[in-house]
Amino acid sequence: MFTGIISSVGAIVSLTPGEGVLRAVIESDYDPAGVAIGASIAHDGCCLTVVETAGLKHGMRHSVDVAAESLDVTTLGAWKLGDKINLERSLRAGDELGGHFVLGHVDGVGEVREVSADGEGWRIVIKPPYEIAHLIAPKGSIAVSGVSLTVNAVDEAGFGVLIIPHTWSATTLSALKAGDKVNLEADMMARYAARLIEARRNI
């Protein structure tokens with residue numbers, strides 16, 4: 001379980017294809033003493049298990065194995081050496097819930113349609129895949145590349161989110177441009193509400 005509040009921006013330093021998996025090594029400013037083998041970390045919103053760690057002078061490197069299905073249904077299959085990615089450690093009992101409940105299970109990949117300045121912040125318009133469009137509503141929550149955001153508007157072009165300066169500088173959202181792909185996870189409550197409505201219709 002996560003909150004969508006990014007705790008580090010990591011960099012991909014190694015990618016090694018294997019049989020059915022991709023081994024990725026990520027460098028970050030995390031304290032290696034606080035990251036155990038088997039820990040869950042969200043990588044651009046996708047929950048992955050730490051399988052190796054190595055301490056650095058300033059920070060650490062950790063390794064994850066990405067399954068073929070995750071490569072197919074998220075943006076992780078397009079990872080390249082040097083790419084920056086949003087990282088979040090899993091939620092612990094007693095932690096502040098600053099965003100919203102995020103599972104780390106990507107619902108679909110959206111396409112950035114527009115990035116523009118909006119006052120002191122920025123506005124990003126994203127076209128979601130058809131399958132999850134009905135789960136996105138104005139004032140609702142959504143995770144974009146792992147970042148907890150509030151939906152500002154929804155129309156035929158997609159949905160818009162407003163990014164404050166802190167989030168812009170503390171995540172990879174500032175690097176987005178039209179045509180880029182992003183991992184999307186709809187709000188958990190919206191997902192269950194939609195499932196309940198569907199079940200009632202089938203009664």
Side-chain angles (χ1 to χ4, degrees), residues 1-107 109 141-150 163-176 180-185 187-188:
M1 184 72 74
F2 306 91
T3 68
I5 303 300
I6 302 307
S7 52
S8 182
V9 173
I12 298 172
V13 296
S14 175
L15 293 170
T16 306
E19 189 170 340
V21 298
L22 174 71
R23 171 67 60 93
V25 181
I26 296 96
E27 188 172 303
S28 71
D29 61 4
Y30 284 145
D31 180 356
V35 180
I37 302 299
S40 294
I41 297 179
H43 298 68
D44 274 348
C46 182
C47 178
L48 299 172
T49 301
V50 175
V51 296
E52 287 183 358
T53 63
L56 301 173
K57 185 175 181 180
H58 300 290
M60 66 172 289
R61 288 182 175 180
H62 71 271
S63 301
V64 293
D65 288 332
V66 189
E69 181 179 359
S70 295
L71 295 173
D72 290 339
V73 301
T74 72
T75 63
L76 277 57
W79 273 356
K80 303 182 301 299
L81 293 180
D83 280 354
K84 299 295 180 63
I85 57 174
N86 294 320
L87 300 174
E88 182 188 356
R89 299 283 308 279
S90 58
L91 186 64
R92 295 174 296 181
D95 283 351
E96 179 180 353
L97 182 61
H100 71 283
F101 284 122
V102 176
L103 297 176
H105 301 161
V106 175
D107 290 311
V109 174
S141 297
I142 192 165
V144 177
S145 291
V147 182
S148 173
L149 298 171
T150 300
I163 314 299
I164 63 172
H166 171 75
T167 304
W168 189 255
S169 62
T171 71
T172 64
L173 298 183
S174 59
L176 291 178
D180 285 349
K181 300 297 195 304
V182 290
N183 291 324
L184 301 177
E185 181 183 331
D187 180 59
M188 178 169 51

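Atoms considered below: every heavy atom in the structure, side chains included; atoms not considered: hydrogens, waters and symmetry mates. For clarity, every value in this text was computed on a predicted model and none was experimentally measured.
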Next item on the list: Drop me the distance from Glu88's CD to Ile41's CD1, to the nearest 0.5 angstrom.
Entry: 10.0 Å
Next item on the list: Report the C-alpha separation of Asp44 and Thr172 in whole Å, then their side-chain angles, then the decisive distance to 0.1 Å, and conclude whether the side-chain contact (heavy atoms from CB on, under 4.5 Å) test is met.
Entry: CA-CA 9 Å; Asp44 274 348; Thr172 64; 4.3 Å; yes
Note to self: Using a 3.5 Å distance criterion without hydrogens, assess whether the side chain of Glu27 forms a donor-acceptor pair with backbone atoms of Ala11.
What the structure shows: no
Note to self: Testing the basics here: between Val25 and Ser63, what is the closest heavy-atom pair and its distance to 0.1 Å?
What the structure shows: CG2-OG, 3.5 Å
Check: Can you check side-chain contact (heavy atoms from CB on, under 4.5 Å) on Leu76 and Leu48, steps first, answer last?
Finding: CA-CA 11 Å; Leu76 277 57; Leu48 299 172; 3.8 Å; yes
Next item on the list: Report the C-alpha distance between Phe2 and Glu185 in whole Å, list the side-chain angles of each, state the deciding distance to 0.1 Å, and finish with yes or no for side-chain contact (heavy atoms from CB on, under 4.5 Å).
Entry: CA-CA 12 Å; Phe2 306 91; Glu185 181 183 331; over 6 Å; no
Checklist line | Non-hydrogen atoms of Ile85 and Trp79 that approach each other most closely | finding: CG2-NE1, 3.6 Å
Notebook entry, point to check: Where is the tightest heavy-atom contact between Thr167 and Thr171, given as atom of each residue plus distance?
Noted result: O-OG1, 2.8 Å
Notebook entry, point to check: If you measure only the distance, is there a donor-acceptor pair under 3.5 Å linking the side chains of Asp29 and Ser8?
Noted result: yes
Next item on the list: Kindly state each residue pair satisfying ring-ring contact (aromatic ring centres under 6.0 Å, His included) with at least one member in residues 15-41, sequence neighbours excluded.
Entry: none
Next item on the list: To the nearest 0.5 angstrom, please state how far the CZ atom of Arg89 sits from the OG1 atom of Thr3.
Entry: 12.5 Å
Check: Can you name the closest pair of heavy atoms from Met60 and Pro32 and give their distance?
Finding: SD-CA, 3.7 Å
Margin query: If the condition is side chain to side chain contact (heavy atoms under 4.5 Å, CB included), which residues does Ser148 pass it with, not counting sequence neighbours?
Written below: His100
Margin query: Rounded at 0.5 Å granularity, tell me how far OG1 in Thr74 sits from CD in Glu69.
Written below: 10.0 Å
Notebook entry, point to check: Can you tell me how far CG of Leu87 sits from OG of Ser28, rounded to the nearest 0.5 angstrom?
Noted result: 6.0 Å
Next item on the list: Check step by step if side-chain contact (heavy atoms from CB on, under 4.5 Å) holds for Asp107 and Leu184.
Entry: CA-CA 6 Å; Asp107 290 311; Leu184 301 177; 5.6 Å; no
Notebook entry, point to check: Under 4.5 Å between any side-chain heavy atoms of Leu56 and Arg61, yes or no?
Noted result: yes
Next item on the list: Could you pull out the closest heavy-atom pair between Val21 and Asp65, with the gap in Å?
Entry: CB-CB, 4.4 Å
Item checked: Ile26 side, atom CD1; Ser14 side, atom OG - distance, nearest 0.5 Å -> 9.0 Å
Check: When rounded to the nearest 0.5 angstrom, what distance separates CG in Leu149 from CD1 in Ile142?
Finding: 8.5 Å
Notebook entry, point to check: With distance as the sole test, does Asn183 use its side chain to make a donor-acceptor pair with the main-chain N or O of Gly146 at under 3.5 Å?
Noted result: no
